[in-house]
**Q** 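Sending over a structure as structure tokens; questions will come in a sec.
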Number of protein chains: 4
Amino acid sequence: MSDKAPTPQNWPDLSGRIIDDETGRRHVLPIRVYFEDTDAGGIAYHASYIRWCERGRTDFLRLLGTDARRLIDGSASVEPAAFVVRRMNCDFIRPTRMDDVLTVETRVKELGGASVTLIQTVIGPDGRRVFEAEVTVVLVAVSGKPLRLSTAIRSAFDGADAGKVLGSGAVRG
Amino acid sequence: MSDKAPTPQNWPDLSGRIIDDETGRRHVLPIRVYFEDTDAGGIAYHASYIRWCERGRTDFLRLLGTDARRLIDGSASVEPAAFVVRRMNCDFIRPTRMDDVLTVETRVKELGGASVTLIQTVIGPDGRRVFEAEVTVVLVAVSGKPLRLSTAIRSAFDGADAGKVLGSGAVRG
Amino acid sequence: MSDKAPTPQNWPDLSGRIIDDETGRRHVLPIRVYFEDTDAGGIAYHASYIRWCERGRTDFLRLLGTDARRLIDGSASVEPAAFVVRRMNCDFIRPTRMDDVLTVETRVKELGGASVTLIQTVIGPDGRRVFEAEVTVVLVAVSGKPLRLSTAIRSAFDGADAGKVLGSGAVRG
Amino acid sequence: MSDKAPTPQNWPDLSGRIIDDETGRRHVLPIRVYFEDTDAGGIAYHASYIRWCERGRTDFLRLLGTDARRLIDGSASVEPAAFVVRRMNCDFIRPTRMDDVLTVETRVKELGGASVTLIQTVIGPDGRRVFEAEVTVVLVAVSGKPLRLSTAIRSAFDGADAGKVLGSGAVRG
């Protein structure tokens with residue numbers, strides 16, 4: 001690839017953005033509906049929304065200063081871990097179609113000892129909600145044991161201290 | 001394909017079975033976990049359960065005497081239609097892994113005017129529940145308008161009259 | 001969504017870019033590897049590359065001035081049509097992993113009467129090729145009949161006249 | 001689950017069958033086209049065939065006496081390993097649709113030192129080919145190093161000695 005060609009650094013919005021305005025703090029990620037996301041009914045297949053929400057959560061975590069691979073490798077923590085979905089209550093409100101541009105909005109609703117409950121809303125091209133889910137994820141070690149959220153991760157989700165999650169020792173809590 | 005080769009007729013259990021015993025009437029469908037269903041965490045990806053449940057619902061409908069393509073074509077009804085997921089409340093109870101054989105069990109919980117609420121349970125290799133969802137699907141015409149469930153479809157879901165769904169005029173209700 | 005929130009117009013690179021420099025004219029699209037794209041081997045599942053290439057082709061077409069939905073609706077043409085994959089020769093060169101940022105590059109190799117042959121290369125985070133495919137797609141009407149590529153579509157793929165594909169009557173060729 | 005309910009043992013054809021008749025030795029696996037496999041064009045999405053072929057290869061290996069998880073765990077060998085796709089030349093011959101029952105046929109074309117080349121054919125409901133691919137897979141250790149195929153795996157693919165792959169020490173070759 002020539003050095004004139006785009007590099008990852010050239011796609012500044014690839015992980016979406018964290019926005020904090022009068023409607024609250026949230027992560028937003030644009031999603032394009034491709035053929036892979038649709039079905040023979042001519043609309044986006046319902047499980048596609050589940051995948052899109054996972055992209056939103058992953059990129060929210062990334063912008064908070066940690067990412068899934070670092071957790072899995074254990075390089076962001078004392079032991080390898082991952083956020084695992086425990087519960088997902090989904091409303092499929094309106095259909096979406098091939099070529100639509102959607103936005104996944106992810107907000108923190110509640111922090112538990114080892115869990116985070118999020119509200120994830122998919123917004124359609126006309127600005128109306130097309131999907132909404134309440135999602136509870138749990139931080140789980142490779143062994144299967146739930147792990148307490150570190151102070152740093154809690155602060156990051158709270159918006160209090162987002163920049164420091166990966167600081168030395170931060171994730172150990 | 002030589003006439004010694006298998007034909008669709010040779011795979012009698014491909015659509016699962018409807019069972020009606022002391023634990024109630026339900027459709028059961030075996031599912032194998034393949035690489036496509038897993039993720040880098042080493043377990044089945046959470047959206048895979050959503051796809052498996054849709055397979056269970058589709059094959060339940062098929063064994064009730066109608067199938068998705070006939071509905072979409074309109075050949076089973078006066079106008080093209082499809083069952084669309086409106087709500088899905090999911091509990092991810094235990095992880096499953098590559099090569100596991102699971103069973104998707106689908107039961108009718110409640111029939112509404114245009115909707116059916118189902119309980120779908122995924123059973124792991126050791127017989128324990130690994131996933132459970134309450135799913136509400138709505139019969140929707142191509143135009144987007146919800147359609148009243150015909151008497152025949154209602155009877156089929158109820159188990160009262162499963163064999164007659166495709167009988168002449170049956171789906172028109 | 002408040003009017004301060006991002007809108008589709010705020011994500012300028014969502015469809016990638018067409019680049020025309022000393023290494024040739026091509027479409028580039030960034031791809032993030034998410035959990036949905038990986039498998040229990042810890043790497044991106046091989047069919048994910050096939051999906052990513054389809055995203056690249058779809059967005060290349062979009063930036064050329066037409067898009068898949070307009071073709072399917074027939075609104076960009078005299079009859080509904082779609083580009084369908086006829087042949088795909090794929091080399092899986094190196095594994096990629098969760099959280100990697102990849103680039104899909106799509107170049108026109110050859111234009112046939114009803115077909116386009118493309119070279120699609122996926123570039124890894126270190127700038128090396130991880131996947132390459134030669135892909136032949138055919139423009140097919142809803143009836144299944146291959147359609148001759150219009151002069152406008154041919155010019156757009158050639159780079160001669162990319163801006164005019166959707167001009168009045170252009171796609172009719 | 002009551003003991004009257006189906007168990008994995010009750011689905012004898014879940015992994016397909018190995019057939020050896022006048023048209024040659026091959027693995028056959030039935031595939032149902034579900035909504036998840038289709039796209040807004042109304043036909044099976046092209047990457048679905050790639051997933052179906054992987055199911056065929058995985059179940060062929062399983063019936064040969066080894067399976068993907070044992071390889072990955074290292075329990076079938078001296079070190080964890082997996083078959084990885086290196087090359088795939090695909091012809092998409094005819095479209096298939098929702099509810100179709102297809103058959104994936106997998107034959108060994110050639111055995112290399114660390115690789116196996118297979119011909120995989122998808123047969124449509126009318127017995128005609130709808131897809132065909134030549135696929136080369138390589139046995140790769142977790143470290144990324146290609147591994148020589150053991151004598152036992154070679155014999156199993158050849159059909160000479162299928163039952164003994166997992167016998168003591170067999171996979172070490």
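Residue numbers begin at 1 in each chain, while the letters A, B, ... track the order of the sequences. What you see is a predicted model; the values in this text were computed from it and never measured.
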**Q** CZ of A:F83 to CZ of C:F35: how many Å apart, nearest 0.5 Å?
**A** 11.0 Å
**Q** So is A:R32 actually on top of C:W11's ring, under 6.0 Å and inside 45° of the axis?
**A** no
**Q** Please identify each residue that fulfils side chain to side chain donor-acceptor pair (under 3.5 Å) with C:R148, with sequence neighbours left out.
**A** none
**Q** Return each pair, listed once, that meets salt bridge (Lys or Arg N to Asp or Glu O under 4.0 Å) where at least one residue sits in residues 39-50 of chain C; pairs must be two or more places apart or across chains.
**A** none
**Q** Roughly how far, to the nearest 0.5 Å, is the CZ atom of A:R51 from the CG atom of C:D37?
**A** 8.0 Å
**Q** Give the minimum heavy-atom separation between A:R55 and C:E36, together with the two atoms involved.
**A** NE-OE2, 2.7 Å
**Q** In Å, rounded to the nearest 0.5 Å, how long is the span from CG of C:L14 to CG of A:D13?
**A** 9.5 Å
